[in-house]
Amino acid sequence: MRGGRWSSLRFPALCGVIEHPEHGVILFDTGYSPHFFEATQPFPERAYRWITPPTLAPKKTLVAQLAGLGIAANEVRHIIISHYHGDHIAGLKDFPQARFWSTHADFHALLKRSRLGNLLHGCLPALLPADFAARLEVAEETKHMPLPREFQPFDYGFDLFGDGSVAGIPLPGHSAGQLGIAFRRADGRHVFLVADAAWTRRALDEDRPPTWIASRIFDSRRDYHTTFARLRELAARRTGVAIVPSHCERTLKDWQNETY
Ligand SMILES: [Zn+2]
């Protein structure tokens, strides 16, 4: 965070699980998985592990955590990919029955980069299943849907399933076509999963975007700051939307304690 100290920091890599009454189990990203360690075995990909060294206990893998919820890996029908960084897509190979959703912008960017270019952007194509392209659904090809006014200044999303239940929201900057999702829980709460558009809720509350050095990996710093400013505006309006960044320790604790 801008104005922060230099020190090492532990942070979670979160993903979302939605049990949808019609579309079954939907994941938002997958976090890390043992595949990450295979993909970062060779050089130069190994550098990824040095910069952000993950720890992953066997009981913390997504497959194990889903099993704890009574969900088998082959029950997962859809995985919405926020962007292609290794800490968000490392588990894709564990869900053979899932269809994937992402923006064309991000997938296209991945395809056109070299191996080194992808690494420098935090992307590890080795994490994609061999039949990935055949299972991919493109967010931009769905219809636009208006968002409830609680989400202002975000006013539209991609109607991913065609029924208005899950809106894909463009959050460009961190990656070219980063995709968040907005939906309403069964208890009526509006939820906005924002991936890496902000790293923490504190950063939004205190208007502290990442420092220049931490934003080196971003696709566009200018777009990042525009997206971040819109999220700040949403957070400041306090309309009851639960904003969930993927690496926010406080959000994880609050979610677990049901205090958020
Ligand atoms: Zn991330």
Side-chain angles (χ1 to χ4, degrees), residues 1-2 4 8-17 27-37 39-40 45 47-56 60-62 65 79-94 100-103 105-107 109-110 113 117-128 139 168-181 191-204 208-221 223-225 227-228 231 243-253 255:
M1 282 197 299
R2 191 169 285 171
S8 66
L9 175 74
R10 278 180 69 92
F11 54 86
L14 303 179
C15 51
V17 186
L27 300 180
F28 179 73
D29 290 335
T30 67
Y32 285 107
S33 85
H35 302 297
F36 177 83
F37 298 98
T40 54
E45 284 78 6
Y48 195 127
R49 260 198 239 179
W50 295 335
I51 295 166
T52 48
T55 55
L56 182 64
K60 289 285 192 177
T61 64
L62 180 54
Q65 292 199 60
I79 302 178
I80 299 164
I81 297 167
S82 66
H83 62 297
Y84 289 83
H85 286 168
D87 54 325
H88 295 257
I89 63 158
L92 294 182
K93 286 180 180 168
D94 294 329
F100 304 119
W101 291 83
S102 94
T103 60
D106 264 10
F107 186 52
L110 180 91
R113 281 190 214 112
N118 270 320
L119 179 63
L120 293 173
H121 279 85
C123 295
L124 299 167
L127 295 171
L128 301 182
I169 316 288
L171 299 170
H174 181 73
S175 66
Q178 181 173 236
L179 187 67
I181 57 170
V191 179
F192 192 0
L193 306 186
V194 303
D196 292 3
W199 273 322
T200 60
R201 272 157 55 212
R202 188 174 159 208
L204 287 175
R208 292 167 69 183
T211 57
W212 180 83
I213 188 88
S215 57
R216 288 278 299 157
I217 199 174
F218 294 174
D219 177 76
S220 159
R221 246 174 283 165
D223 289 352
Y224 183 95
H225 284 283
T227 296
F228 188 86
L231 280 175
I243 300 174
V244 182
S246 291
H247 300 295
C248 180
E249 189 85 54
R250 189 176 106 204
T251 300
L252 172 61
K253 288 216 172 82
W255 202 269

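Whatever order the structure lists ligands and atoms in, that order sets their numbers, starting from 1.
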Of all N, O or S atoms in Asp196, identify the one at the shortest distance from the Zn ion (ligand 1).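 Considering only N, O and S atoms, Asp196 comes nearest to the Zn ion (ligand 1) through OD2.
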Atom name of the N, O or S atom in Asp87 that lies nearest to the Zn ion (ligand 1): OD2
Heavy-atom side-chain proximity of Leu92 to Leu128 below 4.5 angstrom: yes
Can you tell me if His174 has an N, O or S atom under 2.8 Å away from the Zn ion (ligand 1)? no
N, O or S atom of His85 closer to the Zn ion (ligand 1) than 2.8 Å: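 Coordinating: no.
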Please name the residue in the list Gln178, His174, His121 that meets the side chain to side chain donor-acceptor pair (under 3.5 Å) test with His85. His174
Test your reading of the model: is there a side-chain donor-acceptor pair from Glu45 to the backbone of Leu124, 3.5 Å cut-off?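 No, because the side chain of Glu45 does not come within donor-acceptor range (under 3.5 Å) of the backbone of Leu124.
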Would you check if the side chain of Asp106 reaches a backbone N or O of Ala176 as a donor-acceptor pair within less than 3.5 Å?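 At least one qualifying donor-acceptor pair exists.
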